[in-house]
Amino acid sequence: MNFIERKEEALKKKIIPETKCADFEAFWQKAIADMRQVPLSFTKEKIDTPYDKTFTTYKIFYNTHDNTKVAAYFSCPNNAQGPLPCVAHFHGGSMQKEIQPGILATGVCCFSIDVRSQGGETVDKADYSTDFNSGLMTLGVLDKNEFYMKNIYLDAIRAIDLIATLPEVDPQRIVTYGGSQGGALSIVASALSGKSIKCFTNETSYCCIHRRVELGTRIFRSTYDFLKAYPHHTDAVMETVSYFDVNNIVSLLKVPTYFCLGFADDVCLPEFVYSAYTHATCEKELMMIPFTPHTTPKA
């Protein structure tokens, strides 16, 4: 048994169970149906980039389920013959939308959004009844219907809906891709949109969220501090986050999905990502890299 095989055998003993509530699937079916009751609209404006000789890029603002306008870049190769496949790219936490030359060089289109309130151009217009020290993961955390994560997940699903309408894109060849937070959004968009054919996820965040809250790692430090100050809200918070836990959502994946974890990742711990991989019942593959810390890999 080699090094990676020994590490995987150890991970098999640390699989974290799902934490789904009884209405988990019904919650998501209603949330998506309600969003799709809002007519899709967007603006699309060509912008100048250093890559203009090779591909054309547009800045897009699209509406979602609330008053927020999500900002995105959409790029497609010049002189394309017919509709092309498209990669929906989702960035890591507190990063921004990106033009992806590596993806575009393969002859496909690429669509990349700014996740709301993370430093890009997407300004969150949602109303939250709960906030705590400006932490994103305490926004609406006492109510699954207004929690921040519900909004960013619906924004990602809406992005796939929009991509499927673009004349440059073959709607039968949409793929999702991302690392860390982007890896979670890639899974969410593929699992819940019903419009992608493959999913790629690296060092996937938002797996086993209740454990992330207990540990207070990175973006969930504010949730940890919230519960430290208001421990009587613990059960309500843990129930809310269960609806957005990738460890639960992966069971809804129907398309081939490619996972990647790093054994040295101290944010999205290997046992968290491995648990999500284990709970996925779709066609799947897993790459395990021995000494990789938490990163957000480029294409």
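Side chains are part of it too, since the values below use all heavy atoms of this structure and drop only hydrogens, waters and symmetry mates.
Every residue two or more places apart in sequence or in another chain that forms a ring pair (Phe, Tyr, Trp, His ring centres under 6.0 Å) with Tyr51 is listed here: Phe55. Taking the salt bridge (Lys or Arg N to Asp or Glu O under 4.0 Å) definition, one finds that Lys195 meets it with Asp161, sequence neighbours left out. Among residues two or more places apart in sequence or in another chain, the salt bridge (Lys or Arg N to Asp or Glu O under 4.0 Å) test is passed with Lys30 by Asp34. In this structure Lys12 satisfies the side-chain contact (heavy atoms from CB on, under 4.5 Å) test together with Glu8, Glu9, Tyr274, sequence neighbours excluded. By the salt bridge (Lys or Arg N to Asp or Glu O under 4.0 Å) test, Lys144 pairs with no residue at all, sequence neighbours left out. For Lys59, the salt bridge (Lys or Arg N to Asp or Glu O under 4.0 Å) partners at least two apart in sequence or on another chain are Glu121. The side-chain contact (heavy atoms from CB on, under 4.5 Å) test applied to Thr68 returns Thr64, Asp66, Val70, Arg116, Thr122, Asp124, Lys125, not counting sequence neighbours. Residues that satisfy the side-chain contact (heavy atoms from CB on, under 4.5 Å) test with Arg211, not counting sequence neighbours, are Ile16, Cys208, Glu214, Leu215, Phe272. Evaluation of the ring pair (Phe, Tyr, Trp, His ring centres under 6.0 Å) rule for Phe200 yields Tyr258 as partners, not counting sequence neighbours.
Side-chain N/O atoms of His294 and Ser180 include a donor and acceptor closer than 3.5 Å. Neither side chain, Thr223 nor Thr138, offers a donor N or O lying under 3.5 Å from an acceptor on the other. Between Ser205 and Arg218, the side chains place no donor N or O within less than 3.5 Å of an acceptor N or O (distance only, hydrogens not considered). Defined by atom type and a distance below 3.5 Å, a donor-acceptor pair is missing between the side-chain atoms of Gln100 and Ser75. In this model, a donor atom of one side chain and an acceptor atom of the other lie less than 3.5 Å apart for Ser251 and Lys20. Side-chain atoms of Tyr243 and Asn248 form no donor-acceptor pair, as typed in the model, at a separation below 3.5 Å. The closest side-chain donor-acceptor pair between Asp52 and Thr49 falls under 3.5 angstrom. Side-chain polar atoms of Thr19 and Ser242 form no donor-acceptor pair below 3.5 angstrom.
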Exercise. Between Met149 and Leu139, is a side-chain contact (heavy atoms from CB on, under 4.5 Å) present by the stated rule, with each step listed?
Worked result: CA-CA 9 Å; Met149 291 189 74; Leu139 295 174; over 6 Å; no
For this session: Dump the intermediate steps for side-chain contact (heavy atoms from CB on, under 4.5 Å) on Ile15 and Glu271, then the final yes or no.
Result: CA-CA 6 Å; Ile15 294 170; Glu271 56 262 39; over 6 Å; no
Problem set entry | Val169/Phe111 under side-chain contact (heavy atoms from CB on, under 4.5 Å): CA gap, chis, key distance, verdict | CA-CA 10 Å; Val169 173; Phe111 191 98; over 6 Å; no
For this session: Dump the intermediate steps for side-chain contact (heavy atoms from CB on, under 4.5 Å) on Tyr177 and Leu185, then the final yes or no.
Result: CA-CA 8 Å; Tyr177 167 79; Leu185 294 177; over 6 Å; no
Problem set entry | CA sep, side-chain torsions, deciding dist, call: Ser190, Thr176, side-chain hydrogen bond (donor to acceptor under 3.5 Å, both in side chains) | CA-CA 7 Å; Ser190 279; Thr176 65; 2.7 Å; yes
Exercise. Would Glu146 and Tyr128 count as a side-chain hydrogen bond (donor to acceptor under 3.5 Å, both in side chains) if you check the C-alpha gap in whole Å, the side-chain angles of each, and the deciding distance to 0.1 Å?
Worked result: CA-CA 6 Å; Glu146 66 169 57; Tyr128 299 104; over 6 Å; no
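Of all heavy-atom pairs between Ile160 and Ala189, the closest is CG1-CB, 3.8 Å. Contact between Val267 and Asp265 at its shortest, heavy atoms only, is N-OD1, 2.9 Å. Between Thr201 and Gly183, the shortest heavy-atom distance links the atoms OG1-O, 3.1 Å. The minimum heavy-atom distance linking Val38 with Arg158 is given by the pair O-NH2, 2.7 Å.
Exactly one of Tyr148, Phe24, Trp28 qualifies for a ring-ring contact (aromatic ring centres under 6.0 Å, His included) with Phe244. That residue is Trp28.
Atom CZ of Phe220 sits about 4.5 Å away from atom CE of Met137, to the nearest 0.5 Å. If you take CD on Glu45 and OG1 on Thr57, they are separated by 12.5 Å, rounding to the nearest 0.5 Å. To the nearest 0.5 Å, atom SG of residue Cys199 and atom CD1 of residue Ile197 are 12.0 Å apart. To the nearest 0.5 Å, atoms NE2 (His89) and SG (Cys110) are separated by 6.5 Å. The structure places CD1 of Ile157 at 7.0 Å from CZ of Arg36, a figure rounded to the nearest 0.5 Å. The distance from the OG atom of Ser275 to the CG atom of Leu269 is 10.0 Å, given to the nearest 0.5 Å.
Stacking of Lys97 on the aromatic ring of Tyr73 is recorded, both the 6.0 Å distance cut-off and the 45° axial limit being met.
In the hydrophobic clustering of ILVMFWY residues, with side-chain heavy atoms under 4.5 Å counting as a link, Ile174 and Leu192 come out together. Note on Leu84: it does not cluster hydrophobically with Tyr58, by side-chain heavy-atom contacts below 4.5 Å among ILVMFWY residues. Tyr62 and Val123 end up in different hydrophobic clusters when Ile, Leu, Val, Met, Phe, Trp and Tyr side chains are linked at under 4.5 Å. Using a 4.5 Å cut-off between side-chain heavy atoms of Ile, Leu, Val, Met, Phe, Trp and Tyr, with links allowed through other members, Phe90 and Phe61 fall into different hydrophobic clusters. Grouping the Ile, Leu, Val, Met, Phe, Trp and Tyr side chains by contacts below 4.5 angstrom, directly or via other members, places Tyr224 apart from Phe147.
Between Met95 and Gln118, the closest side-chain pair of non-hydrogen atoms is not below 4.5 Å. Proximity of Leu166 to Phe74: side-chain heavy atoms (C-beta onward) are separated by under 4.5 Å at one or more points. Side-chain contact between Lys150 and Asn145: present, with at least one pair of heavy atoms (C-beta onward) separated by less than 4.5 Å. You'll find the side chain of Cys207 reaches within 4.5 Å of the side chain of Thr204, heavy atoms only.
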Could you tabulate the donor-acceptor pairs under 3.5 Å formed by side-chain atoms of residues 229-240, not counting sequence neighbours?
unit_1, atom_1, unit_2, atom_2, d
Thr234, OG1, Pro231, O, 2.7
Thr240, OG1, Val141, O, 3.0
Thr240, OG1, Ala236, O, 3.1

Sequence neighbours left out, cut at 3.5 Å: what donor-acceptor pairs do the side chains of residues 283-293 make with other protein atoms?
unit_1, atom_1, unit_2, atom_2, d
Lys284, NZ, Tyr277, O, 2.7
Lys284, NZ, Thr278, O, 3.3
Lys284, NZ, Ala280, O, 2.6

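Summarising the local packing, NZ of Lys46 is surrounded by more than 12 heavy atoms from other residues, nucleotides or ligands at distances under 6.0 Å. In this structure, Asn79 places its CG atom where only 12 or fewer heavy-atom neighbours from other residues, nucleotides or ligands lie under 6.0 Å away.
The list of salt bridge (charged side-chain N to carboxylate O under 4.0 Å, His left out) pairs with a residue in residues 164-189, not counting sequence neighbours, reads Lys44-Glu168, Asp170-Arg173.
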